[in-house]
Amino acid sequence: MRWSKTLIPTLKEVPADAEVISHKLLVRAGYIRQISRGIYDYFPLALKVIRKIETIVRQEMDRAGAQELLLPISSPAELWQESGRWEYYGKELLRFKDRHERDFCLGPTHEELITDLVRRSVRSYRELPINLYQVQTKFRDEVRPRFGLMRGREFIMKDAYSFHTTVEDCRREYDNMYQAYKRIFTRCGLSFRPVEADTGAIGGSLSHEFQVLAESGEDAIVSCDQCEYAANVEKAEVKGKPPAARDISEELPKLEKVATPGKKTVPEVAEFLKLGANKFIKTLVYKTDSGDLIAALVRGDHEINELKLRTMLGCREVTLADEAAVTAATGVVTGYIGPIGLSLRVVADLSVHGMRGAVTGANEANTHYVDIDQERDFTPSAFADLRLAVAGDPCPRCESGKLQSHRGIEVGQVFYLGTKYSEKMGATYLDAEGREQPIEMGCYGIGISRMVAAAVEQNNDANGIIWPLAIAPFQVLVLPINYKEDKLRDAGEKLYRDLQRAGVEVLLDDRDERAGVKFKDADLVGIPLRVTIGAKGLDKGFFELRSRRDGKTEEVPVGEAVKVITEKIAQAVQG
RNA sequence: CGGGGCGUGGCGCAGCCUGGUAGCGCGCACGCUUGGGGUGCGUGAGGUCGCCGGUUCAAAUCCGGCCGCCCCGACCA
């Protein structure tokens, strides 16, 4: 393509509403423009990148045995009512009515539609397994869209759903998809890590996320420095230690109350009593979705993982209770709550088990207990792994490993769903004995538009974007320095034609702009290879071939340019 | 939803406190100039100052309401 005929509205100034680097660069380099919060236009270059990613995704999905189809973006409420998600999904589901006042929504994901499709078209075990996928726009009315393409409300996603007769076969497909995903992200040139994940609103019991490692990532993940274990912190298990053995002869100090006027938080009381936060038992009162208040205990230097708490309590939601509710239920102001003599149900993290010499609120204002011996002074209704994993924690899988923490951008997720949707929606098949059975399901998503942002987060410098070759909008930029000079223009036009003929994806900067402008735009836009055609070089019979990534420039004889470039591309695609 | 910030030509901003002619840089158009990292000079076009209402002789500026956008939190495949 010709630059002069392509809409690439580059900007000199950083847009005021962009925060992360990918958002800034994609806007500045003329790839995207915001139309409303979390909703963007994709300019021609952005669409090229998206198409490149989609192509890789399609090739690997097809190779893995999946088939592509296309489901509608809007769907009637009835299907969502069947699965229960019309209520469950809440405000994130964008709803509207048609002219007949019938309820509809824009699909945030497509389990309902695909399950409906399969139940109406698959009858026999002979037709299974099957894996169906689509690449399509999704809409989620996110509470807080942000960071450009990283968390949009409208975004492009590849979603696949597989259907099986047995759990084993479904697990086999899960692994098949896991491997396909590794190939996809590798081919796209991303540095990523698969991690164990929570299943969230989709449901199911086994899941991995594919996280692109980047500082700006919204997800915190931990990984073992010795073994393969890696998990989203939401999910990361914490290995509990059994309480230290008791020395019978040891004289334990008695439980005692101390005045802690006005000191409410762990850091405040710790400072006041000159004790480490790890001597504290933090008591947090949560409200469950059924309205119950429960107290959750965790060691003072740790944080409660609300997901673990929710899972343990078997409820959909837990929120920190507000102060008024806490005081109404316990008669104590927050900050001085403690498990000893508390009227609420108490659950405790393993870190609290067997604590001695501990400090916690005494359930009376401005007072804390000190020298608590957990086993002597109180017994929670249950101990469980309830805290957030942190860097330095022992690995839950291997003997000697320690966890490290990273930030990641979730670009893909695979789920084992089981029969959650098939049972609710009556998606069944007849087995060899003629009995009706619910279909086992898995689902597998990739955030295509988010991958664009993730790729830029991982591949940029002070001058702009540096696309991995596999997903770059063009492989080569041909840049004649002065388009008014016939010699340079002709050489540029010829190379452009020759490269196209050789199957290279090439953009020709045929604008009558000064060299500096073209160079700046070239760096910003991030095409991996640049051929600079200047008078000095051309007189000596060569072009300059420059790598956007490392800035290295080599002189290539005019006659060999196409060969050198095609070789370089072939080599990069392979490697 | 809670907290904070912002809304003035296409983009980035000043002006607002202390009411009276709407300004700067970039970009854009034209001319000359320059021609290997955003060239220089000149001329020019382009703005209901987010919207509605109020105060006032007079509102970008003061007051009220609403809308939009950004950040933090809650939320989230």
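Note: hydrogens, waters and symmetry copies are ignored here, and every other heavy atom, side chains too, is used. Letters A, B, ... are given to chains in the order of the sequence lines, protein chains preceding strands, and every chain is numbered from 1.
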Step by step, would you call Lys235(A) with Asp198(A) a salt bridge (Lys or Arg N to Asp or Glu O under 4.0 Å)? CA-CA 6 Å; Lys235(A) 173 80 177 176; Asp198(A) 174 50; 5.9 Å; no

Closest to the [X] side chain, choosing from [options]:
{"X": "Asp512(A)", "options": "rG35(B), rG38(B), rC76(B)", "answer": "rG35(B)"}
{"X": "Arg546(A)", "options": "rC69(B), rG37(B), rC76(B)", "answer": "rG37(B)"}
{"X": "Glu19(A)", "options": "rC71(B), rC75(B), rC13(B)", "answer": "rC71(B)"}
{"X": "Arg514(A)", "options": "rU39(B), rC72(B), rG38(B)", "answer": "rU39(B)"}
{"X": "Arg144(A)", "options": "rC72(B), rG12(B), rG38(B)", "answer": "rC72(B)"}
{"X": "Ser36(A)", "options": "rC69(B), rC75(B), rG37(B)", "answer": "rC69(B)"}
{"X": "Lys536(A)", "options": "rG37(B), rG36(B), rC13(B)", "answer": "rG36(B)"}
{"X": "Glu92(A)", "options": "rC71(B), rC76(B), rG35(B)", "answer": "rC76(B)"}

At less than 4.0 Å, is any side-chain N or O atom of Gln34(A) found next to OP1 or OP2 of rC70(B)? Yes or no. yes

Compare side-chain N and O positions of Lys12(A) against OP1 and OP2 of rG27(B) and report whether any pair is under 4.0 Å apart. yes

Taking a pair as Watson-Crick or G-U wobble with both distances under 3.5 Å, which nucleotide is matched to rU21(B)? none

Please figure out whether His23(A) or Pro15(A) has its closest RNA chain B nucleotide nearer the 5' end. Pro15(A)

Given the options Tyr444(A), Phe210(A), Tyr416(A), Tyr178(A) meets ring-ring contact (aromatic ring centres under 6.0 Å, His included) only with Phe210(A)

With no hydrogens and no angle check, do the side chains of Tyr181(A) and Gln413(A) hold a donor and an acceptor under 3.5 Å apart? no

Select base, sugar-phosphate, or nothing to describe what Arg530(A) touches, counting heavy atoms under 4.0 Å on all strands. base

With heavy atoms under 4.0 Å as the rule, sort Gly445(A) into base, sugar-phosphate or nothing. nothing

Using whole Å, report how far CD of Glu13(A) lies from P of rG27(B). 10 Å

Would the base of [N] count as contacting [X] through its side chain, where contact means a donor and an acceptor less than 3.5 Å apart?
{"X": "Glu544(A)", "N": "rG36(B)", "value": "yes"}
{"X": "Glu513(A)", "N": "rG38(B)", "value": "no"}
{"X": "Asp523(A)", "N": "rG37(B)", "value": "yes"}
{"X": "Arg28(A)", "N": "rG12(B)", "value": "no"}
{"X": "Arg37(A)", "N": "rC70(B)", "value": "no"}
{"X": "Arg511(A)", "N": "rG35(B)", "value": "no"}

rC6(B) and rC16(B), which share atom name P, separated by this distance in whole Å: 14 Å

In terms of ring plane angle, is the pair Trp80(A) and Tyr89(A) parallel, tilted or perpendicular, where the classes change at 30° and 60°? perpendicular

Could you encode protein contacts along nucleotides 42-47 of chain B as a string, one character per nucleotide from 5' to 3', using B for base contact, S for sugar-phosphate-only contact and - for no contact, with a heavy-atom cut-off of under 4.0 Å? ------

For the residue pair His164(A) and Tyr174(A), is the inter-centroid distance of their aromatic rings smaller than 6.0 Å? no

Do Glu544(A) and Glu554(A) pass the side-chain contact (heavy atoms from CB on, under 4.5 Å) test, and can you show the C-alpha distance, the side-chain angles, and the key distance before you say yes or no? CA-CA 6 Å; Glu544(A) 289 163 41; Glu554(A) 55 183 295; over 6 Å; no

Could you check whether any side-chain heavy atom of Asn305(A) comes within less than 4.5 Å of a side-chain heavy atom of Val298(A), counting everything from C-beta outward? no

